[in-house]
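What follows is a set of notes on a single structure, which appears directly below.
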Amino acid sequence: MTSFIPRQAFPVLDSLPRSYFLGHHRAGLTKMKAMLNGIDLIVECRDYRIPITSRNPLLDENLAGRERIIVYTKADLGFDGQYKAQQTMQTQDTIRQWHSPSKVLFSSHQNMQSMRLLLTLVRSHAARRNAITSSVLMITGMPNVGKSSLLNALRAKSLGRGKAAQTGRQPGVTRKLSTGVKIIEGAGGGSVYMIDTPGVFIPYVPHAESMLKLALCGCVKDTIVPPGIVADYLLYRLNLVDAALYAEYSPPTNDVNEWLANVAWKTGKLRKGGEGEGGVPELEAAALWMVQRWREGKLGRFVLDEVSLAGFERERVESLGVLARSVSQATRADKVIRREASVQKRRRRRGDAG
């Protein structure tokens, strides 16, 4: 019996959409910049599973000049028992070193210790202001990195109050800046309020694999990148870690259609028709289901980016090109890519029908 050999590279997909920069992203960013003079501290959220890819240079450029705390959310989904503590510590030390002297936290909304630590930092900042007026924070980040969930968790831990911000699995739940939500009572002479903001996407994603990482982590809606492609990328990454992660649903394979068919049979995601009594596997439903399983930490927990100081520096240099390219240029280029992808999809359907 031959041992399973996973793919060592994922195919380059130049036809993938490279942007998700929507109208409310642009409007939200403009409003954030206009409010900056009244903001005392920025809490920027990034997804721990993609610490490099989930950075948005637009936020750095437009919100410069304010002290910030970088919070890497969903840290519990970035490592588990398969990863040694030493490897996790090395990853987090590299991230802290890159951001120094800015404060960096790694959080999970279920981990009250990380919420206590963030509240301590916020109280300390508010006390240093030595003012009798309230302190105002702004929470920012890419779509669906957990900004509203973090706000709710801070409010619950500090004040024992219920949700103030809506949350959801798909990005785009928060579309406008909120009014200030109290998260701390009477700190440093005044209370502390946090303004929730809509997630802001990068105007243009330079690498197709970066777009796949963002799609897999849920930073774009599931309709933007075809679910089968996202599932194929997930399969590729699972195989590089350990094919046993999906042994409950399928034997090891590099073929995404075979994998999704096995998942569909195993989970009953079938539609009527075809030969026999079993029905036809619903591959797209199986793809969406497996992707969601991974997002919830039920198909392994691991970081998708290669975390190193050199990796952070490469992203920083590339982001200069992204910023040099105007938002309108990025939008036009993305429309061309989407149009070409749509044409190719119609051609494939005609070919299948023939």
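Considering only heavy atoms from C-beta on, D14 comes within 4.5 Å of V12 through its side chain. Annotation: side chain of M32 is not in contact with side chain of N62 (no heavy-atom distance under 4.5 Å). Inter-residue side-chain proximity for S107 and L118 is flagged as unmet; no heavy-atom pair is nearer than 4.5 Å. Residues E318 and H207 have side chains in contact (heavy-atom distance under 4.5 Å, counting atoms from C-beta outward).
Under a 3.5 Å cut-off, the side chain of N262 and the backbone N or O of Y249 do not form any donor-acceptor pair. Without hydrogens or angle criteria, S250 side chain to W259 main chain gives no donor-acceptor distance under 3.5 Å. Of the possible polar contacts, none joining the S124 side chain to the T120 backbone as a donor-acceptor pair under 3.5 Å is found. In this structure, S158 contributes its side chain and L154 its backbone to no donor-acceptor pair below 3.5 Å. A donor-acceptor pair is defined here as one N or O able to donate and one able to accept, closer than 3.5 Å; such a pair exists between the side chain of N56 and the backbone of V200. At least one donor-acceptor pair under 3.5 Å links the side chain of H25 to the backbone N or O of L22. Between the side chain of T267 and the main chain of V263, a donor-acceptor pair closer than 3.5 Å is present. Between the side chain of S108 and the backbone N or O of K74 there is no donor-acceptor pair closer than 3.5 Å. Panel note: side chain S319, backbone R316; a donor-acceptor pair is recorded below 3.5 Å.
In this structure, R7 does not pair ionically with D255, as no charged nitrogen and carboxylate oxygen lie closer than 4.0 Å. With respect to the salt-bridge test (charged N to carboxylate O, under 4.0 angstrom), the residues E296 and R293 do not qualify. In summary, D305 and K213 engage in a salt bridge, as defined by a charged side-chain N under 4.0 Å from a carboxylate O. For the pair D242 and R301, the salt-bridge criterion is not met [side-chain N within less than 4.0 Å of a carboxylate O]. E67 and R128 are joined by a salt bridge, as a carboxylate oxygen and a charged side-chain nitrogen come within less than 4.0 angstrom of each other.
A distance of 10.0 Å separates OG1 of T253 from CG of L260, quoted to the nearest 0.5 Å. Here N152 contributes atom CG and R161 contributes atom CZ; the two are 13.0 Å apart, rounded to the nearest 0.5 Å. To the nearest 0.5 Å, atom CE of residue M138 and atom CG of residue L63 are 6.5 Å apart. Between L29 atom CG and H24 atom NE2 the span is 12.0 Å, to the nearest 0.5 Å. With values rounded to the nearest 0.5 angstrom, S210 atom OG is found 10.5 Å from L304 atom CG. Once rounded to the nearest 0.5 Å, the distance linking CG of L150 with CD1 of I139 reads 4.0 Å.
Under the 4.5 Å side-chain heavy-atom criterion for Ile, Leu, Val, Met, Phe, Trp and Tyr, M211 and V256 are members of the same hydrophobic cluster. Both V241 and V230 are members of a single hydrophobic cluster when ILVMFWY side chains are connected at heavy-atom separations under 4.5 Å. Under a hydrophobic clustering in which Ile, Leu, Val, Met, Phe, Trp and Tyr are joined whenever their side-chain heavy atoms come within less than 4.5 Å, directly or via other members, L13 and V291 fall into the same cluster. Hydrophobic clustering places I183 together with L117 (ILVMFWY residues linked when any side-chain heavy atoms are closer than 4.5 Å, directly or through intermediates). No continuous path of ILVMFWY side-chain contacts below 4.5 Å connects L216 to L77, so the two sit in separate hydrophobic clusters.
For the 3.5 Å distance criterion, the side chains of T73 and R46 fail to qualify, holding no donor opposite an acceptor. For the residue pair Q92 / Y72, no side-chain donor-acceptor distance below 3.5 Å is found, with atom types taken as modelled.
In this structure, Y236 and F10 have tilted ring planes: the angle between them lies in the 30° to 60° band.
Summarising the geometry of L270 relative to E282, their closest heavy-atom pair is C-CG, 4.0 Å, with the distance given to 0.1 Å. Between D47 and S54, the closest heavy-atom pair is N-OG, 3.1 Å. Among all heavy-atom pairs drawn from E315 and P57, the shortest one is OE2-CD, 4.5 Å. The shortest non-hydrogen separation linking N239 to P6 is CB-CB, 3.6 Å. Contact record, R68 with L59: NH2-O, 3.8 Å, taken as the closest heavy-atom pair. Residue F4 comes nearest to P252 through the heavy atom pair CG-CB, 3.5 Å, listed as atom of the first residue, atom of the second, then distance.
In this structure, F302 has its ring center closer than 6.0 angstrom to the ring center of W294.
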